[in-house]
2 protein chains.
Amino acid sequence: MLQLSKKVEYGLIALRHMAMKPIGHVFTAKELANEYDMPYELLAKVLQKLVKGGVIRSLQGVKGGYSLAKRPEELPVSFVIRVIDESKPMVTECYTDGPDSCYLFGNCTIRRPLGKLQRNLNVLFDKMTVQEII
Amino acid sequence: MLQLSKKVEYGLIALRHMAMKPIGHVFTAKELANEYDMPYELLAKVLQKLVKGGVIRSLQGVKGGYSLAKRPEELPVSFVIRVIDESKPMVTECYTDGPDSCYLFGNCTIRRPLGKLQRNLNVLFDKMTVQEII
DNA sequence: TAATCTTGGACTCTCTGGGTCGTATTTATG
DNA sequence: CATAAATACGACCCAGAGAGTCCAAGATTA
């Protein structure tokens, strides 16, 4: 269906929220989840992935939470997707596992032509930053 | 995961194959399925949808089969997707059921910004035609 | 030491994409 | 007219992934 996952949506909503206050401001997962009616546990997972990807920083313990680690204008949506879903937005699975991974092997005739579409898609998601969704 | 469905892939492969011979040429589903190792029954379903969508024509009975109903250069990939999957390539489900269908209602803050991405995506899939995947 | 966070694994549940099967219908041809 | 070769179409199954939940463990501050 060619859709963004809920996780990515939640992640973008959270990042947008964070990007609207000065960098370094700390938000808790609960706070973010309540504000937008997102399932708390799931959002927590998403935020943890964003931490591992270096998008945000985390502080544990009381008074802990998450804060932006990158400036929103330097944070492309494509990067957020890759970190959360562990994959780029792909038109066909041919391109997920490197070259020559097509399940049709020699018979796949649309692989190359779709490559162009793929590149254009990448540009689209690379260009748009978190800053732009504010 | 933002991927094209197998059905669409099969459809594009079949359409590309048909587009390489002069228009009006008749191909059977079995013929197409064998050529590219696609599951016959599934491809048949796809071809039937393409018939209903006016993309190809069908002839029943012996010596029957399918033939292109449109010139490949006038057949955008977006149209093929819509016919087969019964939906446009959507970035978020917000846009599938008209306006104000967001599951977050008033709290969804990324709906509008992603609209831009959506439009760019539409342009991409509208521009590319079956002719271009040959 | 207690309260409040994040971390992270395990688990369930539902939906849909992918695929299969069976049968009815159409039609050319011997 | 009978048969074979097509499409047409509905019903069904199955595995996997996406979405969501639960719980225990570790960190930190007050």
Side-chain angles (χ1 to χ4, degrees), chain A residues 1-11 13-14 18 25-34 36-53 55-67 69 81 84-87 89-93 96 103-104, chain B residues 1-14 18 25-34 36-67 69 81 83-87 89-90 92-93 96 103-104:
Chain A
M1 277 248 229
L2 208 64
Q3 240 171 237
L4 294 182
S5 68
K6 286 274 168 77
K7 289 186 189 178
V8 168
E9 289 190 21
Y10 295 154
I13 289 175
M18 297 199 226
H25 192 294
V26 174
F27 306 83
T28 71
K30 189 184 295 182
E31 181 184 347
L32 292 167
N34 286 341
Y36 301 100
D37 277 316
M38 299 184 281
Y40 166 71
E41 292 90 348
L42 190 53
L43 177 63
K45 293 265 160 74
V46 171
L47 293 172
Q48 284 163 30
K49 288 214 172 183
L50 289 175
V51 169
K52 289 203 169 178
V55 176
I56 57 181
R57 263 185 276 270
S58 69
L59 291 175
Q60 288 193 328
V62 174
K63 288 279 174 185
Y66 302 92
S67 63
I81 295 175
I84 296 179
D85 279 345
E86 285 160 1
S87 74
M90 287 297 171
V91 165
T92 168
E93 62 178 322
T96 51
Y103 59 99
L104 288 173
Chain B
M1 275 249 229
L2 209 63
Q3 244 173 233
L4 293 183
S5 68
K6 288 272 168 75
K7 291 187 189 176
V8 168
E9 287 190 21
Y10 295 154
L12 287 176
I13 289 174
M18 297 198 226
H25 193 293
V26 173
F27 306 84
T28 70
K30 189 185 291 180
E31 183 183 347
L32 291 167
N34 286 342
Y36 301 101
D37 277 316
M38 299 184 282
Y40 167 71
E41 291 92 348
L42 189 52
L43 176 64
K45 292 263 163 79
V46 170
L47 293 173
Q48 285 163 28
K49 289 213 171 184
L50 289 175
V51 170
K52 290 204 168 179
V55 176
I56 58 182
R57 263 186 277 270
S58 70
L59 291 175
Q60 288 195 331
V62 174
K63 289 280 175 183
Y66 302 92
S67 62
I81 296 176
V83 165
I84 297 179
D85 279 346
E86 287 161 359
S87 74
M90 288 295 171
T92 167
E93 61 178 322
T96 50
Y103 58 98
L104 288 173

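Keep in mind that the numbers below use all heavy atoms, side chains included, and drop hydrogens, waters and symmetry copies. Order of the sequence lines sets the chain letters (A, B, ...), proteins ahead of strands, with each chain counted from 1.
At the phosphate of D:dA8, OP1 or OP2 sits under 4.0 Å from a side-chain N or O atom of B:Ser58. Under 4.0 angstrom from either OP1 or OP2 of C:dC21 there lies no side-chain N or O belonging to B:Tyr40.
Nearest approach of B:Val26 to B:Gly65, heavy atoms of both residues: CG1-CA, 3.6 Å. Taking each heavy atom of A:Val51 and A:Ser58 in turn, the nearest pair found is CG2-CB, 3.9 Å.
Straight-line distance from the CG atom of B:Leu50 to the P atom of D:dA8: 11 Å, rounded to whole Å. One interatomic measurement links the two molecules: CG of A:Leu42 to P of C:dT6, which rounds to 15 Å at whole-angstrom precision. The nearest whole Å value for the distance from the NZ atom in A:Lys6 to the P atom in C:dT14 is 15 Å. In this entry the distance linking CD1 of B:Ile56 with C1' of D:dA6 reads 14 Å, nearest Å. B:Leu47 places its CG atom 10 Å from the C1' atom of D:dT7, with the value rounded to the nearest Å. Between A:Gln48 atom CD and C:dC5 atom C1' there is a gap of 11 Å when expressed in whole angstrom units. Regarding B:Lys49, its NZ atom lies at a distance of 14 Å from the C1' atom of C:dG19, rounded to whole Å. If you measure from atom CG of B:Asp37 to atom P of C:dG19, you get 12 Å, rounded to the nearest angstrom.
With contacts defined as side-chain heavy-atom distances shorter than 4.5 Å, the pair B:Met18/B:Leu32 qualifies. In this structure, the side chains of B:Lys7 and B:Leu42 come closer than 4.5 Å at one or more pairs of heavy atoms.
If you find the closest nucleotide of DNA chain C to B:Pro39 and to A:Ala44, the one lying nearer the 5' end belongs to A:Ala44. Annotation: of the two residues near DNA chain C, A:Phe27 and A:Val62, the 5′-most nearest-nucleotide partner is A:Val62. Residue-to-nucleotide proximity on DNA chain D shows that, of A:Leu59 and B:Tyr66, the 5′-proximal contact is made by B:Tyr66.
Taking only distance into account, the side chain of B:Lys45 meets the base of D:dG10 through a donor-acceptor pair shorter than 3.5 Å.
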Report task. For B:Glu86 and B:Lys49, run side chain to side chain contact (heavy atoms under 4.5 Å, CB included): C-alpha distance rounded to whole Å, both residues' side-chain angles, the deciding distance at 0.1 Å, then the answer. Result -> CA-CA 9 Å; B:Glu86 287 161 359; B:Lys49 289 213 171 184; 3.2 Å; yes

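As judged by a 4.0 angstrom heavy-atom cut-off over every strand, A:Lys52 is placed among residues touching the sugar-phosphate backbone only.
In the set C:dA28, D:dA6, D:dA27, the nucleotide with an atom closest to the side chain of A:Gln60 is D:dA27.
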